[in-house]
Each structure stands twice: as C-alpha cells, then as structure tokens.
Amino acid sequence: MIVEAEAYLGIEDKAAHSYGGRRTARNEVTYGEGGHVYVFFVYGMYYQLNLVTGPAEHAHVVLIRAVEPIEGIEIMRERRGKMVDKNLTSGPGKLTIAFGIDRSLNGEDLLGNRIWVEEYKNFKKSEIASGPRIGIDYAEEFVKEPWRFWVKGNAFVSKR
DNA sequence: CAAGTGATTAGC
DNA sequence: CTAATCACTTGC
C-alpha cells in the first residue's frame with residue numbers, strides 16, 4: 001500500500017529531471033505516455049520508483065517514497081537482510097530493494113504483468129498530509145512547494 | 001552525523 | 001575526455 005509519494009511537474013519544475021525540457025537517455029521514458037514506470041539510479045546504490053502520469057511530452061511523474069507491506073513480507077525480509085519490519089519499505093531506496101526493482105523495469109507498462117498498481121483503500125482527504133519534497137535543496141523557488149503527500153500517522157512514512 | 005557509491009550529466 | 005553531482009541509507 002502506497003503511503004507516501006511526491007509529484008514532479010515535468011518541464012516547469014526545477015526539482016524534476018525534465019526541467020526546462022531537458023531530455024536525456026535517462027529521463028526519456030518520462031516523455032512517453034502516462035501509465036509507465038520510470039526507474040533511475042542515484043547515489044551509486046539506490047533505485048527510485050516513479051510512475052509517469054501525464055500525457056506524452058509532459059514528463060509528469062510521481063515518485064513512490066514509501067509503502068506499507070501487505071503481501072510478500074517474507075521475501076522483503078530476505079531482500080532487506082537483518083532489518084526490522086518497520087524499515088523494510090519506509091523510504092524510496094528501501095522499497096525498491098524490498099520489491100526487487102531495478103533498471104530492467106524502466107519504461108515498463110503498468111498494464112503489463114511485471115509491475116502494476118491496484119486500488120486497495122480509499123483514504124479520506126483528512127487522512128492525507130502534504131508538505132515540501134525531500135532531497136531537492138537545489139530546486140530554488142520550488143523547494144517549498146508542498147508536493148509531497150503521505151498518510152498521516154502511518155509507521156512506514158519515511159523519516160528525515 | 002558523515003561516508004559511501006557509481007551512473008549520469010554538463011562542461012570543456 | 002573529465003569532474004561534479006545526486007528524488008538516499010546505514011552504521012559509526
């Protein structure tokens with residue numbers, strides 16, 4: 001269950017890889033149709049899972065920052081090593097390890113059978129909080145935009 | 001709290 | 001070609 005996410009607004013957002021229409025081999029899939037996966041590698045160690053959401057050429061994506069394990073916890077424990085359950089998926093780099101996500105999923109169709117999103121639970125607006133995004137200190141006037149959203153009080157929301 | 005890690009990018 | 005940066009995590 002997705003419990004934390006951030007929006008990146010394509011070419012108009014200084015925090016986004018596609019700011020100003022920047023188009024590289026890495027971010028190419030974000031310019032495609034929504035409903036596909038964008039996976040990239042950061043800090044020499046971690047993959048990040050994003051969902052492309054907009055029409056083609058808009059490069060809008062949602063970064064999945066944290067999830068709460070519902071199924072497959074045993075496999076997640078194996079992949080994460082000796083780690084308390086609370087830390088299995090409580091961050092964008094952690095959850096890709098727990099899910100076994102790597103660059104082979106970049107560009108994958110969310111309607112296929114390798115990775116997909118299902119409706120699981122409808123939260124009320126009052127159960128969702130929002131605030132500034134994390135790790136984008138370079139984004140100048142966009143640093144404070146409240147485009148990070150999380151489930152209030154959920155134990156798997158990433159800490160900072 | 002700071003090192004670690006290497007792909008990716010921009011800049012020459 | 002080379003140097004700097006980075007949508008983070010872990011163990012000190």
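Labels below follow one simple rule: chain letters A, B, ... track the order of the sequence lines, proteins then strands, and each chain is numbered from 1.
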Does this structure show an ion pair linking E6(A) with R65(A), if we count only N-O contacts that are shorter than 4.0 Å?
yes
Review point. Is it true that E127(A) and K152(A) have a side-chain N and a carboxylate O under 4.0 angstrom from each other?
Key: no
When rounded to whole Å, the CD to C1' distance for the pair E6(A) and dC8(C) reads 12 Å
Atom CG of L95(A) and atom C1' of dA7(C) are separated, to the nearest Å, by 12 Å
(message) Side chains of N154(A) and M1(A), heavy atoms from C-beta outward: is any pair under 4.5 Å?
(response) yes
In DNA chain C, stems of three or more consecutive pairs, Watson-Crick or G-U, each with both distances under 3.5 Å, turn out to be B:1-4 with C:8-11, B:6-11 with C:1-6
- Query: In terms of ring plane angle, is the pair H17(A) and F40(A) parallel, tilted or perpendicular, where the classes change at 30° and 60°?
  - Reply: perpendicular
Y46(A) atom OH is separated from dT5(B) atom C1', nearest whole Å, by 9 Å
Relative to its sugar, using the 90° cut-off around 0, the base of dA7(C) is syn
F40(A) CZ to dC6(C) P, in whole Å, measures 12 Å
Pairwise P distance, dC1(B) and dA7(C) [rounded to whole Å]: 22 Å
Rounded to whole Å, CG of D13(A) lies from P of dA7(C) at a distance of 12 Å
* Asked: Is there side-chain contact between Y31(A) and H58(A), with at least one heavy-atom pair below 4.5 Å?
  -> no
Numerically ordered, the residues 128-158 of chain A set in heavy-atom contact under 4.0 Å with DNA chain C is G135(A), I136(A), Y138(A)
Polar atom pairs between nucleotides 8-12 of chain B and protein, under 3.5 Å, N or O only, would you list them?
from, atom 1, to, atom 2, distance (Å)
dT8(B), OP1, R103(A), NH1, 2.9
dT8(B), OP1, R103(A), NH2, 3.1
dT9(B), OP1, T24(A), OG1, 2.4
dT9(B), OP1, R26(A), NE, 3.4
dA10(B), OP1, R22(A), NE, 3.2

Rounded to whole Å, CG of L63(A) lies from P of dC8(C) at a distance of 7 Å
Answer with yes or no whether the side chains of R80(A) and T89(A) bring together a donor and an acceptor at under 3.5 Å.
no
Polar contact flag, side-chain donor to acceptor under 3.5 angstrom, Y138(A)-E140(A): no
### Query
For R148(A), does its backbone N or O pair with a side-chain atom of S130(A) as donor and acceptor, under 3.5 Å?
no
Between Y43(A) and dC8(C), does any side-chain N or O lie under 4.0 Å from OP1 or OP2? yes
Between the CD atom in E57(A) and the CD1 atom in I11(A), the distance rounded to the nearest 0.5 Å is 9.5 Å
For this session: Identify whether any heavy atom of N87(A) sits under 4.0 Å from a base atom; if not, whether one sits that close to sugar-phosphate; answer base, sugar-phosphate or nothing.
Result: nothing
Residues E12(A) and H60(A): closest non-hydrogen pair is OE2-NE2, 4.4 Å
*Answer yes or no: is there a side-chain heavy-atom contact under 4.5 Å between V62(A) and Y8(A)?*
no
Would you say K94(A) and S90(A) are linked by a side-chain donor-acceptor pair, where the criterion is simply a distance under 3.5 Å?
yes
Ranking dC8(C), dT10(C), dT5(B) by distance to the side chain of R80(A), first place goes to dT10(C)
query: Stacking here means centres under 5.5 Å and planes under 30°; does Y8(A) stack on dA7(C)?
result: yes
note: H17(A), atom NE2; dA7(C), atom P; distance rounded to Å ~ 4 Å
From CG of N50(A) across to C1' of dC8(C) the rounded distance in Å is 14 Å
